[in-house]
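First up is the structure itself, then whatever we jot down about it.
Everything quoted here is computed from the prediction, not taken from an experiment.
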Amino acid sequence: MCGLLLLPGASPSRAAPAPAPDPAPVDFVVLVDESGSLSPQDVTAERAAASMLTLGEFSPRSRAAVVGFGSQSERGRRPVDVVCPLTRADTAGRERLSTCVSGIRPRTAAEGNGTDFPAAITQGLSMLRTTGDAAAPAAPKILFLLTDGRLDVRDSPNYGPDHDRRNDNAAKALTTAVAQARADRVQIWPLGFGDGIDRSQLDALAAGGYQTRCGALPSARPRARVTPDSDAVSKALLQAFAGARCARTSPDQAQGTVTTTADFSVTIPPVASDGSIVVVKERPEAVAVTYYDPEGRKVPLRGSAHGSAFELVGQDGPVESLRIRDPHPGTWRVHVEVLGGSAGQQVSATALWQGVLRSFIVLDPPSPAPGQKAAVHVLLQTARDARLIDPGQLAGIGVSVSLTGKGFAPVETRLTDDGRSPDHAAGDGEFSGTVTVPAAADGELEFVGHMVGEGITGDERPYRTTPPDPLSPLAGSVQFEDRRVEPGGTARGLVKVHNSGSAARTVRVVLGDAGDRVSFTISPQQVRVGAGQQISVPLTLRFAEDAPTGPVPGTVSLRDERGRPVAQSFLILQVVPRPGFLERNAPAVGVGSAVLALLALVLALRWQGRRRSRDVSSLQLILHQHGVERSRLRAPAGGGAEFGFQVRSAGGAPRLFLDDSPGRYRVRRFRDGLAVRTPDGERLTVPRGRTAALRDGLALGFADTRSTAPAPRRGPGRRSAAATARATAVPAAPDGRGRRRRSGATGAPTSSPKPAKQPYDDAF
């Protein structure tokens, strides 16, 4: 006996929340030139630039420090000053960093006001070697160097007694310090301002340190930046920080002089999972700043609201930063008000953001054996569980998968989203490729997806599997008919299991990486299939009444008694809002008087009649392969004149899936059958009771629960219903004895050659 089994006393499992991916921490030191050539304006700009970096950092696990440097005078003053010690960038730490940067100041000649690059870099490297905890050694390490001059240590006895040879000796020490930075895997990002800069020297600093970060993106490779004066220091340094941080800044820095009030706009894209809006103020006591999200809602300076978390620091200083966790995408408004009695103020606003993508991995077969080739599919979704399908967001994103295990060297494979096998469709956000498991593989395998792009990183969660049991008799598939569901509704699917063995087997239904914004239960949890039997069991996901709208990410798999995967599929669902009152009560809307009510009713009935005649919701597509039924797909609920679908492999067999994205199959009613537009633009028809050839031995038929037409009325000159049916019936196919035989009502539809192209209305 086969059937459905739930453990005694167990209820369907609730989806476990998936933790939101966190931005990776970094450790960085800002080296600030304090030489005597600095003007008061230059010092202000340096303080603002250092504050922008320390306050704009995303991760509370990052650490930042600020070091001022000059040179060592004859009187023994040290060439470096630790303005801000290495401090964790959490709430309290960022407040301390906001305050301590005020210690940056120009040195006097007696204090040593030269420019000692070697001492500054050596100090920074020493601080970055101080880890503080076990997690920090893995954090990338960065040095930012701000200077208005060039190497000059003629006043420093550290480099010998001969004044004329001190700069040469310091240049050799600088080469050694930069080589040490490369050995310690520390990047150096120099920024010079003014007309006393040695550009070639700064270029050598950038090229000499560690290079590879963020998947070797060009924007993440250190390079020197030079600005004509200190006014552009903050913007240039923030761009450098974005590159070093594998992040992005808003396209243009919003800035201007504010006399009373002004609004500045900064953009945070949909792919961003973390952001900071950094505002630089000429006089902080004269300026008040308020922030509004893309929906026009005023956001709190601390705490959570509308699905995002906020934290403002530096409000009383020259630089303030609003850190946003899980920001709403779009244009944010920064409202600036100059307090009464104050003169016009220079203000600038910039958004810094980073996207940490979730990755979901599916293998086919789910447990490849040594020497076997497997198709790898990686699906990318944002922190808000949105699937990336926008070409602008996908552009520049590179995806690869690494395979590691015992007995072989790591295997790296690039994945593509170009629609070429094994990729199912181009531009749908699902990246695919093939990996051959080395024949020497021994034991567990680990697949990890890697993502890289401008401002993009991935969470790199591993997919682990063991070699398959060669004696396992189980095979199966998981299909979902519904891709859209309302709160309180149910998404339906189908579990198919084939047991070719001589004993009954139990298969578990397992959810993986389910989103944290929805609440649902899945049933069944287990399926039991008898020896030598093949069964199909309905699968349901029931959503809570208060389930928030939005995408539902994750995977669903079938696993045997030992936990080995039998089949798996991406879980791609969308919770959509319930229809409003007008939609649910359309015939009664507008009733105010008898005449208007009657008119509205007549119009509504006529419209509904026309809509029902074209409505496809009662259709069920049937996919055949070489005359054998492989998959069924029910049209989406809610009506409509057409819907889209795609055909792709799942569990080793072709399946039908709902898909309304561009370039898919499109279906609508046509006379007494269906009209289908293929992805390549070809148009064909599927007559009732027959199939139409698609490709590769596949054919498409359909079933329809709606009656084809109302019964004709009898009267003079009219045929009977039976006569009408005989006159319009599709001729049966001839059998081998010259007679025609008819297909039974319960038999498979009769295949037909590919029909000729048919005329379509212009809307299709």
Are [X] and [Y] side-chain neighbours, meaning at least one heavy-atom pair lies under 4.5 Å?
X	Y	value
Trp189	Val30	no
Ser59	Arg323	no
Gln315	Leu301	yes
Asp33	Thr115	yes

Open item on the list: Does the Lys NZ or Arg CZ of Arg182 fall within the cation-pi geometry relative to Tyr210 - under 6.0 Å from the ring centre and within 45° of the axis?
Closed with: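 Verdict for Tyr210: no cation-pi partner in Arg182.
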- [ ] Could you point out which residue of Glu57, Glu311, Glu320 forms a salt bridge (charged side-chain N to carboxylate O under 4.0 Å, His left out) with Arg94?
- [x]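 Output: one option passes, namely Glu311.
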Open item on the list: Does anything in residues 168-177 form a side-chain hydrogen bond (donor to acceptor under 3.5 Å, both in side chains)? List the pairs, not counting sequence neighbours.
Closed with: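 Listed once each, the pairs would be none.
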- [ ] Please answer whether the main-chain N or O of Val32 pairs with a side-chain N or O of Thr147 as donor and acceptor at a distance below 3.5 Å.
- [x]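 A pair under 3.5 Å: no.
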Open item on the list: Donor-acceptor check, side chain of Thr99 to backbone of Glu95, threshold 3.5 angstrom: yes or no?
Closed with: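 Flag set: sc Thr99 to bb Glu95 pair under 3.5 Å.
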TODO: Measure up the Phe241 and Phe144 rings against each other and bin them: parallel (under 30°), tilted (30 to 60°), perpendicular (over 60°).
DONE: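 Tilted: the ring planes of Phe241 and Phe144 meet at 30° to 60°.
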- [ ] Before giving the answer on salt bridge (Lys or Arg N to Asp or Glu O under 4.0 Å), spell out for Arg333 and Glu295 the whole-Å C-alpha distance, their side-chain angles and the decisive distance to 0.1 Å.
- [x] CA-CA 10 Å; Arg333 180 163 63 96; Glu295 302 297 324; over 6 Å; no
Open item on the list: Taking CG in Asp162 as the centre, count heavy atoms belonging to other residues, nucleotides or ligands within less than 6.0 Å. Is the count above 12?
Closed with: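 More than 12 within 6.0 Å, yes.
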